[in-house]
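Convention: sequence-line order gives letters A, B, ...; per-chain numbering from 1.
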Amino acid sequence: MPELPEVETTVRYLKDKIIGQKIVGLDFDTPNLIKKPSPEELKRQIVGKKITKIERKGKNILIYLNQDYLLLIHQKLTGHLLYGKWQKEKGKWLPQEKNSPLFLDRQNRFIHFLLFLANGKMLALSDLRKFAKIIFAKKEEVLNSDDLKTLGPEPLSKEFTLAYFQKICQKSNKPIKTLLMDQKLISGIGNIYSDEILWQAKISPLRKANSLKEKEIKVIYQKIKVVLKEAIKLQGTSIVDYRKPDGAKGEMDKFLKVYRKEGQKCPRCQGIIKRVVINGRSAHFCPKCQK
DNA sequence: CGATTCCCCTGATAGC
DNA sequence: TGCTATCAGGGGAATC
């Protein structure tokens, strides 16, 4: 699923390809993805506008348009943006290049939303589960909406200090995994990287945040940065649905230590990796070396 | 206010 | 073989 590193990879890839491009058309087959405005209104308003900027906030993709408009895309579980050319066959959008991952990898074949650009290329949203969220409005309105303004600090930014992390840990009686995934406290970390961060830090995901010692908090803090940076460098994890905008997989899969590895041996201590449900999410960890 | 449950959706998988 | 039940999972809403 797209978390901070995957969204960052997507934004970096698209930056020099779509900035300056005018949107010349729009197509969709799942109106429910478009939360605001109505799909008809969106089509009427977005066509003709030019893309001026693209950035990431937490797990959200922000595509800025001229006349102070902003398109927000949250990919949720299985959504990912793709860049290429598609053609409609029997009501379904199919990629034109038959030997590209856009065509060969089935995860890229669930196209539900398409923007046509002036350069002849398209920006498409593939989303198997149809959970993604699309919002289009005036820039100020989107930036001041709950979708964005409730987000906590970016974990790789200066604002995310050790003192801040210590403070939120001490104040929370929740499991540390739940805290790491709380977008209001830290933005961008999801199920994959919370598991991986805690494995690297040798801390059990079940530990209550306010039970952590100062030294442990510091290690987790450091591992947040290390793991996210490594994942960005490797262009994300494609173990499930995520793909880069060219349809190819990220390289982070083979560096994962615990996520989706229930029953396998811990690469550090040979303990058996366990899966438990925390706050409705599956958590993977090694009970032998994560305390 | 915080904690819990439900819901959105559909492919994969297990059970029969 | 093929049908049905169950599950994953980010985040928001409803409920306790």
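Ser282(A) comes within 4.0 angstrom of sugar-phosphate atoms only, judged by non-hydrogen atoms across all strands, and of no base. Nucleic acid contact for Asn191(A): sugar-phosphate only, since backbone atoms but no base atoms lie under 4.0 Å from a heavy atom of the residue.
Between Asp147(A) and Leu77(A), the one whose closest nucleotide on DNA chain C sits nearer the 5' end is Leu77(A). Comparing Asn32(A) and Arg106(A), the nucleotide of DNA chain B nearest to each residue sits closer to the 5' end for Asn32(A). Each of Phe110(A) and Asn173(A) has a nearest nucleotide on DNA chain B; the 5'-most of these lies closest to Asn173(A).
In the model, Gln166(A) has no side-chain atom that pairs as donor or acceptor with a side-chain atom of Gln170(A) under 3.5 Å.
When the C1' atom of dA8(C) is taken as reference, atom CE of Met1(A) falls 9 Å away, rounded to whole Å. Per the geometry, CD1 belonging to Ile135(A) stands 11 Å off C1' belonging to dG12(C), to the nearest Å. Regarding Arg260(A), its CZ atom lies at a distance of 7 Å from the C1' atom of dA8(C), rounded to whole Å. We find that CG of Leu148(A) is positioned 14 Å from C1' of dG11(C), with the value rounded to whole Å. Distance Tyr193(A) OH to dG10(C) P: 13 Å, rounded to the nearest Å. Straight-line distance from the NE2 atom of His74(A) to the C1' atom of dG10(C): 6 Å, rounded to whole Å. Here the C1' atom of nucleotide dG9(C) and the CD1 atom of Ile189(A) are 17 Å apart, to the nearest Å. Between Ile73(A) atom CD1 and dG11(C) atom P there is a gap of 15 Å when expressed in whole angstrom units.
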Review point. How far apart are the C-alpha atoms of Asn108(A) and His80(A), what are their side-chain angles, what is the distance that settles it, and do they pass the side-chain hydrogen bond (donor to acceptor under 3.5 Å, both in side chains) test?
Key: CA-CA 8 Å; Asn108(A) 294 325; His80(A) 50 283; 2.8 Å; yes

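When the side-chain nitrogen and oxygen atoms of Tyr259(A) are compared with OP1 and OP2 of dG9(C), one or more of them lie within a distance under 4.0 Å. Neither OP1 nor OP2 of dG10(C) sits under 4.0 Å from any side-chain N or O of Gln75(A). Within the 4.0 Å cut-off from OP1 or OP2 of dG10(C), at least one side-chain nitrogen or oxygen of Arg281(A) is found. Here Arg275(A) reaches the OP1 or OP2 of dA8(C): one of its side-chain N or O atoms lies under 4.0 Å away. Lys184(A) has no side-chain polar atom (N or O) that falls below the 4.0 Å cut-off from OP1 or OP2 of dG11(C). Phosphate contact (OP1/OP2 of dG12(C), side-chain N/O of Lys35(A), threshold under 4.0 Å): absent.
Summary of helix geometry: the two end axes of the helix from dG2(B)-dC16(C) to dC16(B)-dG2(C), each defined by five base pairs via their C1' atoms, are inclined to each other by 60° (rounded to 10°).
Taking Ile, Leu, Val, Met, Phe, Trp and Tyr as hydrophobic and joining them when side-chain heavy atoms fall under 4.5 Å apart, one finds Leu114(A) in a cluster with Val24(A), Leu82(A), Trp86(A), Trp93(A), Leu102(A), Ile111(A), Phe116(A), Met122(A).
First and last contacts of DNA chain B with chain A, using any nucleotide atom under 4.0 Å from a protein heavy atom and ordered 5' to 3', fall at dA3(B) to dA12(B).
Here the CD1-CG distance, from Ile217(A) to Leu212(A), works out to 5.5 Å after rounding to the nearest 0.5 Å. We find the NZ-SG distance between Lys213(A) and Cys169(A) to be 14.0 Å, quoted to the nearest 0.5 Å.
Judged purely by atom type and a 3.5 angstrom limit, Lys261(A) has no side-chain atom pairing as donor or acceptor with the backbone of Lys257(A).
A salt bridge is absent between Lys291(A) and Glu216(A); no separation between the charged side-chain nitrogens and carboxylate oxygens falls under 4.0 Å. A salt bridge links Lys88(A) with Asp27(A): the distance from a Lys NZ or Arg NE/NH1/NH2 to an Asp or Glu carboxylate oxygen falls below 4.0 Å.
Considering only side-chain atoms of Arg129(A), the nucleotide from dA8(C), dG10(C), dG12(C) that sits closest is dA8(C).
Considering only heavy atoms from C-beta on, Leu33(A) comes within 4.5 Å of Lys130(A) through its side chain.
The aromatic ring centroids of Tyr193(A) and Tyr259(A) lie 6.0 Å or more from each other.
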